Amino acid sequence: GPDAAQVREASAIRADPVAYAESAVRRLDEMADRLRALEEARETSRQKAQRALAALEKNEADCRRFGRAGKPLYDAAETAYPIVVEGRTFSSRAALQTELTAAKRAIERAARNRPRLANQIARDAADLADIRTRLAQNATQKDDLLRKADAAKTALAERDLSALDALSGQLADDIEAALPSGELFAPPVRLLGNDGGAGELDGFVF
């Protein structure tokens, strides 16, 4: 059967269904504010990950283009320095090696971080869909409670006890509506690992 808290709540609703409905509306408003703040945070996170992914892919493409232009010159014993690669001048083979190694690391870093960014975008998008569904449900619940509060006011004015009793039962059921889980309010997973080791240029294909 119902526990003591449920019995007390039912008694409170019957004692003043209008006040109870208005209190429930305030709770729904508070939850809507919390959901809207979370929606903004998730949208910010999603856009940040999208920008990071776009920047990562552009940098990877630049590094591959540089590598395809510079690696054959680096490998060729007859290359005379200084040389110009993609508009940049390199005074020695060692200088070109340094930049090719940096490009290789950036390409490897992109391979590690692309799925993390894509997963972050997908998680944020899924959370946003859930939040927006809950906001719509919240608005529907609020409208329903406001209608029932008005009906309760009318029933009180008309001393319609049977209508008040029916509305009290409906309000008790309404307040049992599910609220967002704690998981929804957990902070999003952060992104991007470190650079890792460089490895050798030998055998690396840009």
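Please read these numbers as outputs of a predicted model, since none were measured by experiment. The residues of the chain are indexed from 1 along the displayed sequence.
- Ion pairing between R36 and E40 fails under the 4.0 Å rule for side-chain N and carboxylate O.
- A search for salt bridge (Lys or Arg N to Asp or Glu O under 4.0 Å) contacts involving E86 returns R65, not counting sequence neighbours.
- In this structure, CG on L38 lies 5.0 Å from CZ on R42, to the nearest 0.5 angstrom.
- Nearest heavy-atom pair across V85 and A69 is CG1-CB, 3.9 Å.
- T133 contributes a side-chain N or O that, together with a main-chain N or O of A129, makes up a donor-acceptor pair within less than 3.5 Å.
- Smallest separation of non-hydrogen atoms from L135 and A32: CD2-O, 3.8 Å.
- Although no hydrogens or angles enter the test, the distance criterion places no donor-acceptor pair under 3.5 Å between the side chain of T79 and the main chain of D75.
- A salt bridge links E60 with R64: at least one charged nitrogen is closer than 4.0 Å to a carboxylate oxygen.
- Minimum heavy-atom separation, A21 to A149: CB-CB, 3.8 Å.
- Applying the ring pair (Phe, Tyr, Trp, His ring centres under 6.0 Å) rule to pairs touching residues 80-100 yields F66-F90, sequence neighbours excluded.
- The main-chain N or O of T140 is never found under 3.5 Å from a side-chain atom of D144 such that the two would form a donor-acceptor pair.
- Distance check: R51 CZ to K48 NZ gives 8.5 Å after rounding to the nearest 0.5 Å.
- Follow the hydrophobic side-chain contacts under 4.5 Å out from L28 and you reach L146 in the same cluster.
- The ring-ring contact (aromatic ring centres under 6.0 Å, His included) search around Y74 returns none, not counting sequence neighbours.
- Rounded to the nearest 0.5 angstrom, I131 CD1 and D127 CG are separated by 5.5 Å.
- For the pair I107 and F204, the minimum side-chain heavy-atom distance is below 4.5 Å.
- With a 6.0 Å radius and a threshold of 12 heavy atoms from other residues, nucleotides or ligands, Q47 has its CD atom above the threshold.
- Salt bridge status for D29 with R26: absent, with no side-chain N to carboxylate O gap under 4.0 Å.
- Between D62 and K58 there is a salt bridge, since a side-chain N of the basic residue sits under 4.0 Å from a carboxylate O of the acidic one.
- For residues 36-60, no residue pair satisfies the ring pair (Phe, Tyr, Trp, His ring centres under 6.0 Å) rule, not counting sequence neighbours.
- Listed by first and then second residue, the ring pair (Phe, Tyr, Trp, His ring centres under 6.0 Å) pairs that reach into residues 99-121 come to none, sequence neighbours excluded.
- Contact detail for A110 and L56: the closest heavy-atom pair is CB-CD2, 3.5 Å.
- Of all heavy-atom pairs between V18 and A152, the closest is CG2-CB, 3.6 Å.
- For the salt bridge (Lys or Arg N to Asp or Glu O under 4.0 Å) test, no residue two or more places apart in sequence or in another chain qualifies with R93.
- The structure places CD of Q97 at 9.0 Å from OG of S92, a figure rounded to the nearest 0.5 Å.
- Among R34, R132, R134, the single residue meeting the side chain to side chain contact (heavy atoms under 4.5 Å, CB included) criterion with E39 is R132.
- Here the closest non-hydrogen pair linking A49 and I121 is CB-CG1, 3.6 Å.
- A side-chain N or O of Q50 and one of R46 form a donor-acceptor pair less than 3.5 Å apart.
- For the pair F206/L201, a side-chain contact is recorded, criterion being any heavy-atom separation below 4.5 Å from C-beta on.
- Q141 and Q137 form no side-chain donor-acceptor contact under 3.5 Å, judged by distance and modelled atom types alone.
- With rounding to the nearest 0.5 angstrom, the CG atom of D124 is 11.0 Å from the CG atom of N119.
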